[in-house]
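I have placed the structure first, in the form of structure tokens, so that the comments after it can refer back to it.
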Amino acid sequence: MTGAQVAPPANARRRRASLPGWIEYAVLPLANLLAAFLVSGLVVLFVGENPFEAVKILLWGSLGFGEGIGFTLFYATNFMMTGLAVAVAFHAGLFNIGGEGQAYVGGLGVGLAALALDRYVPWWVTFPVAVAAAAVFGAAWALIPAWLQARRGSHIVITTIMFNFIASALMVWLLVDHLTPAGSMQPETRTFEAGAHLPELGGLFALLGLEIGGAPVNITLFVALAACVLVYVLIWRTRLGYEIRAVGFNPTAAVYAGISPVRITIVAMLISGALAGIMALNPIMGEQYRLQIDFVAGAGFVGIAVALMGRAHPVGIALASILFGMLYQGGAELAFEIPAISRDMIVVIQGLVILFAGALENMFRPGFIRGYGLFTEGRAPPAARAEGS
Amino acid sequence: MDFHSVILVLDSSVRLSVPLILAALAGLYSERSGIFDIGLEGKMLAGAFAAGAAGALAGSAIAGLAAGILASVGLALVHAYASITQRGNQIVSGVAINFLAAGLTAFLGYAWFSRGGQTPQLPASGRFQSLTWPGAEVVRDVPVVGPIYAELISGHNILVYLAILAVPFTWWVVYRTRFGLRLRAVGENPAAVDTAGISVVWLRYRAVIICGVFCGIAGSYLSIAQSAGFVRDMTAGKGFIALAALIFAKWRPWPVLGACLLFGLLDAVAIRLQGASLPGIGEVPVQFMQALPYVLTVILLAGFIGRAVPPKAGGIPYVKER
Amino acid sequence: ADVNPAVVYDAGGKFDKSFNEAAYTGAERFRSETGIEYRDFEVQNDSQREQALRNFARRGHDPIVAIGFSQAQAVEKVAQEYPDTHFAIIDMVVDLPNVRSVVFKEEEGSYLVGMIAAMASKTGKIGFVGGMDVPLIRKFACGYVQGAKAINPDIEVFQNMTGTTGAAWNDPVRGGELAKSQFDKGADVVYQAAGGTGLGVLQAAADEGKYSIGVDSNQNHIHPGSVLTSMLKRVDNAVYDAFMDLKDDAWSTGVEVMGLEQDGVGWALDEHNEDLITDDMKSKVDAASQDIVSGKTKVHDYMSDSTCPVS
Amino acid sequence: MSRSGEASHPPPAIELAGIDKSFGAVHANRNIDLKIGKGTIHGIVGENGAGKSTLMSILYGFYQADRGEIRIDGARVDIQSPDDAIAAGIGMVFQHFMLVEPFTVLENVMLGAEGGSLLRKGVAQARAELQRLERSYALEVDPDAVVGDLPVGLQQRIEILKALYRGAETLILDEPTGVLTPAEADHLFRILRQLRDQGKTVILITHKLREIMAVTDEVSVMRRGEIVDTLKTAETTPERLAELMVGRRVLLRVDKAAASPGAAMLDVRHLTLRDGRGVTRLDDISFEIRAGEIVGIAGVVGNGQSELLEVISGIRRATSGTVRVDGMPVDVTGTTDASYQRSIGVAHVPEDRHRMGLVVAFEENENAILGYHDDDAYLNGPFLDTDAVRDHARKRMEQYDIRPPDCRLKTENFSGGNQQKIVLAREMEQHPKVLLVGQPTRGVDIGAIEFIHHQLIAMRDAGASILLVSVELDEIRSLSDRILVMCGGRIVGERGPEASERELGLLMAGVGGPDPGATAGGPPR
Ligand SMILES: Nc1ncnc2c1ncn2[C@@H]1O[C@H](COP(=O)(O)OP(=O)(O)OP(=O)(O)O)[C@@H](O)[C@H]1O
Ligand SMILES: Nc1ncnc2c1ncn2[C@@H]1O[C@H](COP(=O)(O)OP(=O)(O)OP(=O)(O)O)[C@@H](O)[C@H]1O
Ligand SMILES: [Mg+2]
Ligand SMILES: [Mg+2]
């Protein structure tokens, strides 16, 4: 499995011991983020706009008013699910680039469940069925790459990329040829009836005195938050999580310990695919009330950035997904306010975050280690340096 | 299908496979040196945009090509810095580059030209025009040989011929030159190269830069040769098809040509096959043809048709001192 | 009345030389005539439509014109949230008391350019390249074939659609390949109704020395001498009228059908193609126009029954 | 051994002065001064991790020293990279070969010395030059063979050819005999002597004193990153060298009472293993270990010892054969795995703790249950009982004196010796019926070695059956009650602990005299 064992945690652990946790998990990610934003600012300058103005609009657009907050949370819900999906695979040493495709196919599950039930039952009956269907469809789409990695050693990065494209072709075919009502101009299913509309959280926010207007944030947010907790428990508090981490860090040692990397690879990818699949609930049953072409709109890839920024930890992922939610919502407002800045700016920022928090994660670390070393010089050495036998 | 249509489909396959050939060869240099590159797509896109923008502004195809190469090499250097100098995760870096390219091309295109991310239509001088070979018109009506010469061989733009020639050139570089020997070696065992007194870093940088050059040409082909301007997301997954072709070809130059022509043929057939039904199979959905290269690659990766073993040191940063 | 107009373009952008650019032209005309500023927005993905409409409504813009059928769902939703704001949508019907729906009789304009194509063709074979395969585009194709057959009942018309998703509007490479494949089969005139993809079609025709027919805006100038004519769809008028009507308190809701009679569709003749259109062609087309307006000639609308009598 | 005053001597071929090198927290070389005379074979000995490889890698330009300078033939040279070293006439054969496996011998030899930007001309030259070198040094090898297909002995030859092809005047060999049979090693030494006689300088790193005594002219001893002394080989003894190496007198024998073996606990019959490529790794292995007995396996690395441990511990599936643990048959060719083996009382201390025995990124307490994590004692349904796990870990740390005593510390932050103790504590404290132990003291300092040895003896005396695999013949001889010798995947002989090193060495090389116990079929007795 050497090929797949290139997931970030393996990288990140190299010299982790040399820095205390608060630098490692808070200061360093912030430094990476700052670098990403600095470069983004330069790009904004490059097209002749004022980056500070842009930041102001971005913040106002995402947090400045109720509807903005609602949208921010709506997007964050998507990213939380896909981020968790990427993170679970990371812990097993797997790089699941296929979140996009898994969410897309998960949407098929949601769509079918909704189409089958929406006319007959209330939403709270459709809801669990749709969650289960999303998870099953998403997991199924992850199964083949997982099996190929585990059994035949096919590089999972490549197979999941291929499966994203295959998913896209499959979904277009299904929507265009089978699911779209005759005469419709758009390849999308009919609009669901009330039985497949998830409750929006407007009422809840109103209790807090916040008017979120038309923002589609809905109860999927709670599903995502619950998923954060469950993933935390899974990874750090269960036997399965222990086995997943063991395989992720050192598959040879895992075999020695009687853990089957084949089984863990498949199980971890199934969980990952299921999490990605559940993401589909949010736009389909919470916003559009129909299954559309390309509804995932890159959320599967944002999950990569979110997982890297959040250091594959649910708390980090929750925070990072809110940050990306802000970028998406604030970015829309920004595009609206400053015509020369298009929404693509957030794709640029996303790329820079992945670059600095992922590929260049070691760029600032030596500096921090040196700085921290200077700072602590003369004090008692940290426990990590205590002499051995 | 009669003979003439076959020729025409093949002609179209050639046109469609050119960007794949260039990008797959680009990947060959990089991955043979041990640097995985899933950012072919992004570099190609950046190349296409820069070429389209410069071609439109300067009205010169050469200027466009130069800009395309420059932009692509720029991103290649980012990848090189992240994965060679900083020893970062090559996959993550590739993903980042794809995002950067997708975002920047659309963002700049939108800001500069206000056409929904497109660049302006190119004047004739801003494009590579097709070259008619001597005698093409004369022999056109000669049976068999005529159409082959006039349609298939003649009448492409210079980048098409460049791409085809790049295949034997790459073969020669990889197997017949010192650089090629070292390139192959560093992808298998960088420590062996290092102890032989060769700089692993510089060798890999060169490979990645060459990868950038080829991707830049591939992108330029899309925007200033095959069509007359850049369109948002113009590569539409071609970089990944090229990657698939590279794997399919097991990282070897001649098979790369074969795989790319095959994938180009699938595309050409898919374009022409709309609604047409095949005898015995019935109507083949276009989407099926579009997915076929990916499906084939997965099957190959699964080891059901041969086995694709990547360069041994691929994807692993070379770390001398821990 | 006080107007504070806004327009939301569809993907492709306001300078797409086609559909959206027509809308832009109409809005600009309104501005230069009245001196009233308007705001506009170019959507880049589906999720933005609704947000953009809502943003304009929240900021008090009125009327708000949405360009393109893909905005229908968004208009429907936002128009309900802002019942006092006036909306207009092009190419689709949204049945709400504050929405004006403007649809065009593309089949009529396509009929005319189909005649021109048939008259210009020397091979007796012509082509059509559509964008996304939707009923609207089949409507273009059906009108075109009817017109061509009116001139030459034996004419062969090759038809291709670029794709089945929104990406089909923006794929000039594929458009060019499709056009080339039609030229290879012997077509010498190709009509495109494919948005950004169409630019590839026009380019391919220019490269191969064949004729093309533009769509929506006047595209004759893009490749003078190669673009035979353009089927005009006066989205500019629709936008201009929507702005103007509200300003003059003449706003009406409901469906507005723009055919030849209302000058909503037509064909372009200008300095770039005057050498290509003979007097004979012109007189035949003008006669057909009159017949259509008078009702003497009926052009079948594909969308009325999802079938086309000819192919 | 200061010779600086004697002006008549030619300058040394190699002189290192004040070399210092750290890897992060590890101070690998401390202020090293070393002179190596021209036309001599100079040995460097030292324990694992003493810094031998690091020092030579610095001389070869592979690592850069933090301080110090290098002089060659009296002149100071600046060696920034292997390139500089090659130019200065230094060649090195690394401990881990630096070969490109899919390449041919010729390509490997040429790499970095291609003689022009095109290969064609260089290939012809290299072929001719290889033939010449082959003739002059009896280093025969097929230039067109693919290196990955060649046995290690030949691969090493290619490494030497590589150095000579580049015109090396000084040849460094880093533990060249680790992978060789004694006969192959003797051949190597003949070549080295020949090189010396032609005026070349050879530096030979090893920690096998026998080899030092056999072939070197001078020897330097390294300990904990320093050179503690340099001596003329003729004027010293192995005992003296050993003492210098570990810094005190060593007692190579372990005090232990005679074994009192009970019933057979581990019974292995006709065990055969063929790997994915069809190569036979274990060939009809049969033996048994009784309760209260330590059986040692001696052999050159790569002769099937690792595979034997892996099969019995359930990590690898055997091709055929049977294994019984305490009389119960185990399906080693099918269903069994590491976790089942543990459940029936087979514990395993693997040869490579970093690769296999530990997940170094885990906290210590997590490693303390690795392999036993499905034990009910640490579980609460599907959940881990973290309190129980940490309690358990703390107890073991105290019992085995693992330092620092912090069970939440990442395992990678413990020193090598302490990491080994973490593994030993985990496996021994399960009170297994059978304990499989591979290289228990590799990279562990002398204090810890004694501790580990005593633990093993104590376990034996408590009635466990122990299978011990070690490359240290001394360790095998001092701990084992019986010694089995493996060669080429077979058990080629059984000896008592009193067998001489020479006798075992011959057996290991597969040239031992006929041995009644080793005949195929019957278990040795
Ligand atoms: N590349 C490296 N990065 C970090 N530490 C290293 C590296 N190489 C060696 N070390 C450390 O430096 C010290 C000396 O190692 P070295 O390999 O020189 O020892 P050695 O004497 O050759 O041992 P052995 O007999 O096991 O080969 C050890 O503690 C080792 O862990
Ligand atoms: N990666 C690391 N990060 C932080 N500290 C480390 C790291 N590796 C080793 N250390 C610390 O450096 C010290 C020296 O490590 P080393 O492995 O050389 O120990 P040692 O002296 O060989 O001990 P032992 O004899 O037990 O093997 C140890 O106390 C260890 O805690
Ligand atoms: Mg060493
Ligand atoms: Mg140590």
Side-chain angles (χ1 to χ4, degrees), chain A residues 5 7-21 24 91 93 153 230 232-264 267 312 366 369-370 373 380-389, chain D residues 24-25 310 313-316 337-343 348 350 352-362 366-367 369-374 378-386 389 400-406 408-410 412-421 444-445 447-448 451:
Chain A
Q5 295 296 325
N11 264 358
R13 70 170 183 249
R14 207 186 299 138
R15 250 176 266 156
R16 186 168 281 179
S18 318
L19 282 175
E24 185 66 40
H91 282 291
L230 288 177
Y232 173 80
V233 171
L234 169 76
I235 297 294
W236 282 283
R237 287 288 176 268
T238 67
R239 176 179 154 189
L240 178 61
Y242 178 91
E243 296 182 336
I244 287 176
R245 286 182 297 130
V247 170
F249 283 130
N250 186 347
T252 319
V255 172
Y256 159 81
I259 303 165
S260 156
V262 171
R263 183 177 68 89
I264 293 299
V267 170
I369 292 175
R370 227 172 298 130
R385 299 283 163 75
E387 242 334 296
S389 62
Chain D
E310 288 179 6
S313 63
I315 295 171
R316 246 177 128 138
D337 68 0
S339 109
Y340 178 77
Q341 292 300 90
R342 283 198 181 83
S343 72
H348 178 201
D352 184 339
R353 59 179 169 263
H354 267 271
R355 206 174 63 86
M356 192 176 268
L358 293 167
V359 177
V360 291
F362 269 2
E366 293 175 303
N367 270 312
I369 61 165
L370 188 71
Y372 301 96
H373 57 276
D374 46 7
Y378 312 124
L379 290 178
N380 239 336
F383 301 102
L384 282 179
D385 184 345
T386 26
V389 172
Y400 279 76
D401 189 27
I402 296 167
R403 278 184 271 172
D406 173 4
R408 305 266 342 246
L409 192 63
K410 285 245 163 67
E412 61 199 348
N413 295 329
F414 288 85
S415 73
N418 281 304
Q419 289 179 350
Q420 183 70 341
K421 283 195 202 167
V444 170
D445 69 36
F451 176 81

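First the proteins, then the strands, lettered A, B, ... as listed; each starts at 1.
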Q.
Among A:Ala254, A:Ala257, A:Ser260, A:Gly258, which residue has the highest count of heavy-atom pairs closer than 4.5 Å to chain D?
A. A:Ala257
Q. At their closest point, which heavy atom of D:Met356 faces which heavy atom of A:Thr252, and how far apart are they?
A. CE-CG2, 3.9 Å
Q | When D:Ile402, D:Asp374, D:Thr386, D:Asp352 are compared by non-hydrogen pairs under 4.5 Å with chain A, the top option | A | D:Asp374
Q | Closest-packed option against chain A by number of heavy-atom pairs under 4.5 Å, given D:Gly314, D:Pro350, D:Gly381, D:Ser313 | A | D:Pro350
Q) Where on D:Leu379 is there a heavy atom nearer than 4.5 Å to chain A: the side chain, the backbone, both, or neither? A) side chain
Q. Can you find a pair of side-chain heavy atoms, one from A:Asn250 and one from D:Phe362, that are under 4.5 Å apart?
A. no
Q.
If I take atom CD1 from residue D:Ile369 and atom CZ from residue A:Arg239, how far apart are they, to the nearest 0.5 angstrom?
A. 10.5 Å
Q) After noting the C-alpha distance and the side-chain angles of D:His373 and A:Ile259, does the key distance pass the side-chain contact (heavy atoms from CB on, under 4.5 Å) rule? A) CA-CA 10 Å; D:His373 57 276; A:Ile259 303 165; 3.6 Å; yes
Q) Is chain D contacted by the side chain of A:Leu234, its backbone, both, or neither, given a heavy-atom distance below 4.5 Å? A) neither
**Q.** Contact class of D:Arg316 relative to chain A, heavy atoms under 4.5 angstrom
**A.** neither
Q) At their closest point, which heavy atom of D:Ala338 faces which heavy atom of A:Val255, and how far apart are they? A) CB-O, 3.5 Å
Q. Is the side chain of A:Tyr256 donor-acceptor paired with the backbone N or O of D:Leu370 at a distance under 3.5 Å, no angle test?
A. no
